[in-house]
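Not measured: the values here are computed from a predicted model. For reference, positions follow the sequence shown, starting with 1.
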Amino acid sequence: MDFKNMKFTVGDGCSRGLCRRGCGRQDRQLNTYDWLADVPGNAESTDLVEVQFKNTRKGYYHNVNALDLKKGDVVAVEASPGHDIGVVTLTGKLVKLQVKKANLKSMDDIKRIYRIAKPVDIDKWREAKSREHGTMIQSRQIAKDLNLQMKIGDVEYQGDGNKAIFYYIADERVDFRQLIKVLAETFHVRIEMKQIGARQEAGRIGGTGPCGRELCCATWMKNFVSVSTGAARYQDISLNPQKLAGMCAKLKCCLNYEVDSYIEAGRKLPSREVVLQTMDGDHFLFKTDILAGLVTYSTDKRLAANLVTITAQRALEIVEMNRRGEKPDSLSDSDEPMTENHQVDLLAGESLTRFDKAKKKKKQKSRGNKAQDNKDAKAANANNQQPANNQQASAENRKQRRAEGKQQRQEDKPQQQRQDGKPQQRQEGKQQQRPDNKPQRDAKPQRPDANGDQQKPQDDRQRQRGPKQQRNGGNGNGGQRRRQGKPNTPQQPKQEKANDGGNQ
């Protein structure tokens, strides 16, 4: 066989045995897998056609004109008033099953398909769809101005642009008669209000659930069944509102998927209130694995002590023995207690961030090392920073040397006087320096008394207090002379000063 000159063709459509019309998604919500698409004569079996509009709104119509419709065709259908534009999503026998699920009140409500949409119809339809977002924002502001407790979640225009459907959410009954008048005057179209719940809103918007798959209400679920926390209790799921709530802030619809299987399996387990009695003591139910049919018992009613895992069948056998007044030696049949076989997770010890770039951790240094590093840094900066002017640096050095020499001379002077044995002479008119480097006032020269005799020297305390007492009129003679000289004329103190000077 000459493979070089052979012409290869890529299989497409029904040539590979599977028609793509059956599994085509066509970016539409609430898609139905048509597993009868490859069956010959399926499309001709009924004239019912499923047509989908914006988001999750679907309708069922009669193909009265026997048009050759396939999945994905854009058609013009009957509406009131005018016509609407939608996309065909299902044909054949499965449409009858979908009609039963939709719970239509009467088959007479099913309208008809006019034609396959023309380019003029599609252009008008796209123009109407382009106004939906702006209309929704403006209508929200109008509802806010009217103080209505409602939220307008979405707006959908009809294909011919003559009608608009406003989807809103409200916890209580809302009187929106005034709102309809204002909206009709503003947008000049026919207004229709439809109330939806939180789950319907999540289905219209779409999204991804915590399981990683697209939301069920946006892919295949049409009828919403009430969900209670009892479904979580039957499955031994933690009653954590954050984990039980879905994207709509309501309980997840998937809680009802397996609850029937858990209820059936739970009937084969012993009751929680039953206490198993053995020769070792009483055993209380600690936990159960419903699907695996295993129960774990503890010797303490409140704590996990001496846990033993047995099968549900063995637990029921012990219950029957206790009813007859018998007690087995132990819970398990064999001497060794039954252990649970856990699946091995190869990535149990791995981190989710193992492929991320590792950040360099800063080394934590001790205080001593930090202080030493600071000193080294300062020394390095001092060596690197040279003075711009050498003369200024030399002047600073000279000032520093002078200050050091002056301080050294002051320290050596008292030591030299003690070595020579000469008392330190006090110079008059200069202040004496205290050991604490504070100046001390010199005592004033003592005046002679009235007889002209010099006063006797006083001790240290009296010498320090002498001037103060003399100024304040103390026990000294000078104070008495001042008190006696008060009534004298102002010229007398001058004469005394002169006499004092002569005596000295």
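Crowding of Met150 atom CE: a count of heavy atoms from other residues, nucleotides or ligands under 6.0 Å exceeding 12. With a 6.0 Å radius and a threshold of 12 heavy atoms from other residues, nucleotides or ligands, Arg173 has its CZ atom at or below the threshold. Sparse packing is recorded around OH of Tyr234, with 12 or fewer heavy atoms of other residues, nucleotides or ligands lying under 6.0 Å away. Around atom CG of Asp171, no more than 12 heavy atoms belonging to other residues, nucleotides or ligands sit under 6.0 Å away. Within a 6.0 Å radius of CZ in Arg126, other residues, nucleotides and ligands contribute 12 heavy atoms or fewer. Lys111 NZ: more than 12 foreign heavy atoms inside a 6.0 Å radius.
Under the 4.5 Å side-chain criterion, counting only non-hydrogen atoms from C-beta, Ile122 is not in contact with Val120. A 4.5 Å side-chain heavy-atom check between Arg131 and Phe187 finds every atom pair outside the cut-off. For the pair Pro270/Leu285, no side-chain contact is recorded, criterion being any heavy-atom separation below 4.5 Å from C-beta on. A 4.5 Å side-chain heavy-atom check between Ile113 and Leu69 finds at least one atom pair inside the cut-off. Lys243 places none of its side-chain heavy atoms less than 4.5 Å from the side chain of Ser238. Two residues are said to be in side-chain contact when any heavy atoms from C-beta on lie closer than 4.5 Å; Asp280 and Ser330 meet this criterion. Glu172 is not listed as a side-chain neighbour of Gln149, based on a closest heavy-atom distance of 4.5 Å or more. For the pair Thr229/Leu251, a side-chain contact is recorded, criterion being any heavy-atom separation below 4.5 Å from C-beta on.
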(request) Show your reasoning for whether side-chain contact (heavy atoms from CB on, under 4.5 Å) applies to Gln141 and Asp145. (result) CA-CA 6 Å; Gln141 186 62 36; Asp145 296 339; 3.2 Å; yes

(message) Apply salt bridge (Lys or Arg N to Asp or Glu O under 4.0 Å) to residues Asp160 and Arg190 and explain how you reach the verdict.
(response) CA-CA 12 Å; Asp160 54 2; Arg190 186 174 180 180; over 6 Å; no

(request) Would you sort out whether Gln277 and Asp282 count as a side-chain contact (heavy atoms from CB on, under 4.5 Å), showing the intermediate values? (result) CA-CA 5 Å; Gln277 298 177 357; Asp282 296 342; 3.4 Å; yes

(request) Decide yes or no on side chain to side chain donor-acceptor pair (under 3.5 Å) for Thr311 and Gln313, but give the supporting numbers first. (result) CA-CA 5 Å; Thr311 60; Gln313 184 179 2; 5.5 Å; no

(request) Go through the steps for Leu239 and Leu244 under the test side-chain contact (heavy atoms from CB on, under 4.5 Å), then give the verdict. (result) CA-CA 7 Å; Leu239 298 179; Leu244 296 181; 4.2 Å; yes

(request) Would you sort out whether Ile237 and Leu255 count as a side-chain contact (heavy atoms from CB on, under 4.5 Å), showing the intermediate values? (result) CA-CA 10 Å; Ile237 300 175; Leu255 292 175; 4.0 Å; yes

(message) Let's go through Tyr61 and Glu78 carefully: what are the C-alpha distance in whole Å and the side-chain angles of both, what is the deciding distance for side chain to side chain donor-acceptor pair (under 3.5 Å) to 0.1 Å, and is it a yes or a no?
(response) CA-CA 9 Å; Tyr61 299 87; Glu78 182 182 0; over 6 Å; no

(request) Using the salt bridge (Lys or Arg N to Asp or Glu O under 4.0 Å) rule, take Arg323 and Glu320 through it: C-alpha gap first, then chi angles, then the decisive distance, then the call. (result) CA-CA 5 Å; Arg323 289 178 181 176; Glu320 292 295 332; 3.3 Å; yes

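Between Gln158 and Ser80, the shortest heavy-atom contact is OE1-O, 4.4 Å. Of all the heavy atoms in Gly153 and Met136, the pair that sits closest is O-SD, 3.4 Å. Of all heavy-atom pairs between Gly159 and Asp84, the closest is N-OD1, 2.8 Å. When every heavy atom of His283 is checked against every heavy atom of Val275, the shortest pair comes out as O-CG1, 3.4 Å. Listed here is the closest heavy atom pair of Leu269 and Gly293: CD2-CA, 4.2 Å. Taking all atoms of both residues into account, the shortest heavy-atom contact from Ala76 to His83 is CB-CD2, 4.3 Å.
Between atom CD1 of residue Ile116 and atom NZ of residue Lys118 there is a gap of 11.5 Å, rounded to the nearest 0.5 Å. Interatomic distance, CG of Leu276 versus CD of Glu317, reported as 11.5 Å (0.5 Å rounding). To the nearest 0.5 angstrom, Lys252 atom NZ is 10.5 Å from Cys216 atom SG. Rounding to the nearest 0.5 Å gives a distance of 5.5 Å between CG of Leu307 and CZ of Phe286. Note that CG of Asn55 and OH of Tyr167 are 8.0 Å apart. Values are rounded to the nearest 0.5 Å. Atom CG of Asp121 is separated from atom CZ of Arg115 by 4.5 Å, given to the nearest 0.5 angstrom.
Salt-bridge annotation for Arg204 and Glu201: absent, with no side-chain N of the basic residue lying under 4.0 Å from a carboxylate O of the acidic one. Asp154 has no carboxylate O lying under 4.0 Å from a charged side-chain N of Arg57, or vice versa, which leaves the two without a salt bridge. Using a 4.0 Å cut-off between charged nitrogen and carboxylate oxygen, Arg302 and Asp300 do not count as a salt-bridge pair.
At distances below 3.5 Å, not a single donor-acceptor pair connects side-chain atoms of Glu50 with backbone N or O atoms of Leu94. Within the 3.5 Å criterion, the main-chain N or O of Lys71 finds no donor-acceptor partner in the side chain of Thr91. A donor-acceptor distance shorter than 3.5 angstrom exists from the side chain of Gln195 to the backbone of Ala170, with no hydrogens or angles considered. Side-chain N or O atoms of Ser298 include one that pairs as donor or acceptor with a backbone N or O of Ala305 at under 3.5 Å.
Between Phe166 and Phe176, the gap from one ring centroid to the other reaches at least 6.0 Å.
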